[in-house]
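Chain identifiers are assigned alphabetically (A, B, ...) following the order of the sequence lines, protein sequences preceding nucleic acid strands; residue numbering begins at 1 within each chain.
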Amino acid sequence: MIRKEYTCVLCPNGCPLVAYVDDDETPVIARVEGSVCPKGEDWVRQEILNPMRTISSSVRVRGGDSILASVRTSRAIPLARIMDVMEEIKRVTVDAPVEIGAVVLSRPAGCDSDIIVTRSVRKSA
Amino acid sequence: MNAKASPIGKIRREVVVIGGGPAGLAAAIAAREAGCREVLLIERDRILGGILNQCIHDGFGLHAFKEALSGPEYADRYIRRLPDAGVEVMDNTIVLSLSPDRVLEVSARGALRHIEAGAVVLAMGCRERTRGAISIPGHRPAGVYTAGAAQNFINLENIMVGSRVCILGSGDIGLIMARRMTLEGARVEAVFEILPYSSGLPRNIQQCLNDYNIPLFLNTTVTDIIGKGRLEAIRVAQVDGDRVPIPETERLVPCDTLLLSVGLIPENELTVQAGVAMDPVTGGALVDDTFMTGVPGIFACGNVLHVHDLADWVSVEAEEAGRFAAAYVQDRREEPRRRIPGRAGEGVRYVLPQTISGERDFILSLRVTAPWRDRTVVIRDGGGKEIRRRKMMRLHPAEMIRIPVKKGAGADGSPLEVSVE
């Protein structure tokens with residue numbers, strides 16, 4: 001049995017989690033300790049198999065009262081794919097106006113997530 | 001019209017909220033919803049939301065909305081309620097002065113105006129400590145920024161600040177910027193922290209540093225800044241138990257950018273001007289359990305009162321302050337019969353409010369002096385009688401602790417003392 005330590009990233013509590021794992025090749029998780037909420041255990045299972053993260057960035061806006069609109073992933077994406085997703089985000093330019101929630105990229109780098117606007121930008125006066 | 005002859009506009013409002021960030025937004029809406037007809041929100045920027053606009057990372061709203069929002073989305077949840085709530089907004093407006101009898105002098109798009117307020121809610125937030133505040137020796141090249149300034153350039157102005165980055169201070173803004181700079185293609189060499197522990201949230205150590213293999217050096221600080229024109233390198237050294245650099249450990253780290261995440265200072269120039277008594281530990285006003293300062297009718301909330309760890313708690317606190325400000329102008333406020341001091345005991349850096357009436361339930365906010373595991377926070381009255389205790393698996397100076405206290409606490413009028421046992 002191998003003892004592995006994790007910090008849950010789901011909320012500001014950041015629970016220190018301990019997972020006991022049988023066999024490293026195809027990990028079988030025996031038990032998880034330290035979570036104050038039920039989400040922690042699922043999170044560790046995912047973290048051991050394929051860590052998932054949310055990211056934020058911004059895209060350029062044409063003709064808006066701000067030159068950037070902030071964006072984020074609508075769902076977590078694999079940690080290993082973050083830089084690929086960033087490359088796609090960097091190529092995006094949108095036209096004003098844009099509203100919060102608007103999808104500027106669908107399934108970036110093949111990930112099961114959208115890139116959505118998080119700040120509305122009006123047309124420049 | 002001749003400028004000299006132009007009359008200074010004078011208006012009167014029931015509640016005036018200074019600052020349109022998370023605190024001011026929540027306070028203004030709450031004051032209006034408590035029945036005040038005239039609530040004026042004053043913001044110096046052209047847009048509302050304050051620092052939330054540049055905090056594009058997620059994690060806001062987990063308590064308030066039960067979802068993980070970015071800063072701008074969190075701000076929008078409040079901003080979109082303003083028209084229906086009937087809050088009057090004055091943007092592009094800076095408050096120049098505030099008098100103890102609640103007269104504000106403001107500059108609104110170049111025009112000077114006087115505003116008489118029935119009650120004032122201070123919600124000006126905080127600003128960052130700078131290189132000057134921590135006196136790092138060395139040259140004065142370009143490339144040394146506070147983490148928040150760099151965040152503003154990158155997230156709002158589309159200006160990349162550097163390519164090879166070191167960060168001093170492991171507060172959350174520094175950690176968030178380590179990830180942000182990495183995602184934008186910079187190489188972040190390391191984060192240095194003078195304390196023996198990080199002052200950021202554990203989740204940010206994981207998702208902003210560990211995920212990108214950025215090392216965090218504890219007990220380490222910057223001892224020299226080198227560069228003519230642009231930053232070329234910094235010297236760092238480990239520190240001893242008294243935080244004094246150990247010369248033998250000094251080493252050179254080449255970089256073109258140094259970000260400082262070394263603490264926040266409540267922005268209280270107006271508060272002091274209005275004659276409000278201050279708490280030297282929080283850097284904010286002394287308040288009672290209605291968030292009223294020592295000057296009647298002037299209230300304070302959010303980061304201008306004490307630096308919070310999460311925006312969600314700022315909103316909760318500001319809603320309370322807004323409601324009490326409304327009660328003050330509606331003459332619903334009762335003068336407290338008792339003023340019971342709240343005191344920080346062993347292991348506690350500060351408690352807030354600093355005076356308690358004992359006549360209402362309230363939230364006691366506090367911060368501890370060091371990280372601990374498996375301790376108990378205990379509130380006792382002057383006679384040593386235990387009023388409340390809360391077991392804590394983890395205590396950390398970077399985290400604000402909020403403990404609800406029932407009315408009746410300190411009924412004997414003796415000070416309440418909070419300690420870690």
Side-chain angles (χ1 to χ4, degrees), chain A residues 5-17 33-37 39-40 43 47 51-61 64-76 78-80 82-87 89-90 93 98-101 116-122 125, chain B residues 46-47 49 52-63 66-77 79-80 153-159 172 176 179-180 182-185 198 200-212 309-313 373 393-394 396 398-400:
Chain A
E5 294 185 8
Y6 298 88
T7 303
C8 180
V9 303
L10 289 178
C11 90
N13 277 342
C15 290
L17 303 178
E33 294 171 355
S35 179
V36 303
C37 91
K39 290 180 182 169
W43 183 83
E47 188 72 3
M52 303 289 280
R53 296 287 185 273
T54 56
I55 56 160
S56 297
S57 186
S58 47
V59 297
R60 282 179 296 259
V61 180
D65 63 0
S66 298
I67 57 170
L68 294 176
S70 50
V71 297
R72 67 172 168 90
T73 45
S74 61
R75 304 174 58 175
L79 176 60
I82 284 178
M83 286 321 230
D84 300 330
V85 171
M86 277 301 297
E87 278 311 309
I89 292 174
K90 280 176 194 171
T93 302
V98 287
E99 288 295 321
I100 285 183
I116 60 169
V117 170
T118 58
R119 182 155 79 99
S120 302
V121 178
R122 286 174 301 208
Chain B
R46 67 186 176 88
I47 50 171
L52 289 168
N53 285 309
Q54 68 184 59
C55 297
I56 65 171
H57 53 280
D58 69 8
F60 297 86
L62 283 162
H63 294 281
K66 307 287 174 232
E67 44 183 319
L69 303 170
S70 65
E73 289 169 288
Y74 184 85
D76 183 68
R77 295 286 170 104
I79 293 169
R80 70 167 70 169
F153 283 136
I154 295 173
N155 292 349
L156 294 179
E157 303 299 336
N158 204 18
I159 297 167
D172 286 309
I176 295 281
R179 174 176 61 182
R180 189 77 189 106
T182 306
L183 291 180
E184 289 297 338
S198 163
L201 294 171
R203 74 190 294 233
N204 286 336
I205 302 284
Q206 179 60 44
Q207 65 186 354
C208 298
L209 300 187
N210 298 351
D211 279 358
Y212 302 94
D309 51 353
L310 301 179
D312 291 53
W313 302 137
R373 288 182 151 275
M393 256 165 56
R394 285 177 301 141
H396 199 283
E399 290 176 32
M400 206 174 89

According to side-chain hydrogen bond (donor to acceptor under 3.5 Å, both in side chains), who are the partners of B:Asp172, at least two apart in sequence or on a separate chain? B:Asn204
Portion of B:Phe60 that has a non-hydrogen atom of chain A nearer than 4.5 angstrom: neither
Choice from B:Asn53, B:Leu201, B:Asn158, B:Leu62 maximising heavy atom contacts with chain A below 4.5 Å: B:Asn158
Answer with side chain, backbone, both or neither: which region of A:Ile89 has an atom nearer than 4.5 Å to a non-hydrogen atom of chain B? neither
Minimum heavy-atom distance B:Arg179-A:Thr54, with the two atoms named: NH1-O, 4.3 Å
Under the salt bridge (charged side-chain N to carboxylate O under 4.0 Å, His left out) rule, collect the residues that match up with A:Lys39, sequence neighbours excluded. none
Okay, B:Leu310 and chain A: the region with an atom under 4.5 Å from a heavy atom over there is side chain
Might you confirm whether atom CZ of B:Arg46 has over 12 heavy atoms from other residues, nucleotides or ligands at distances under 6.0 Å? yes
Atom pair CD (B:Glu157) and CD1 (A:Ile67), whose distance is rounded to the nearest 0.5 Å: 5.5 Å
Distance, nearest 0.5 Å, that separates CZ of B:Arg80 from OG of A:Ser120: 8.0 Å
Between B:Glu184 and A:Ser57, does a side chain to side chain contact (heavy atoms under 4.5 Å, CB included) hold up when you go through it step by step? CA-CA 9 Å; B:Glu184 289 297 338; A:Ser57 186; 3.3 Å; yes
Close side-chain approach of B:Leu69 to A:Arg72, heavy-atom, < 4.5 Å: yes
Determine the minimum heavy-atom distance between A:Val9 and B:Gln207, stating which atoms define it. CB-OE1, 3.6 Å
For each of A:Pro51, A:Ser58, A:Cys8, A:Pro12, tally heavy-atom pairs with chain B at distances under 4.5 Å, and name the one with the top tally. A:Pro12
Determine the minimum heavy-atom distance between B:Ser70 and A:Thr118, stating which atoms define it. OG-CB, 3.1 Å
Please identify, among B:Pro72, B:Ala75, B:Gly185, B:Pro202, the residue contributing the most non-hydrogen atom pairs under 4.5 Å to chain A. B:Pro72
Among the listed options A:Val85, A:Ile55, A:Asp65, the residue most often paired with chain B at heavy-atom distances under 4.5 Å: A:Asp65
Judged by atom type as modelled, is there a donor-acceptor pair below 3.5 Å linking the side chain of B:Arg394 to the main-chain atoms of A:Asn13? yes
CG/B:Asp58 to OG1/A:Thr73 distance, rounded to the nearest 0.5 angstrom? 6.5 Å
Could you give me the CA-CA distance, side-chain angles and deciding distance for B:Arg77 and A:Ile100, then say whether side chain to side chain contact (heavy atoms under 4.5 Å, CB included) is met? CA-CA 11 Å; B:Arg77 295 286 170 104; A:Ile100 285 183; over 6 Å; no
Is there a side-chain contact between B:Ile47 and A:Arg119 (heavy atoms, below 4.5 Å)? yes
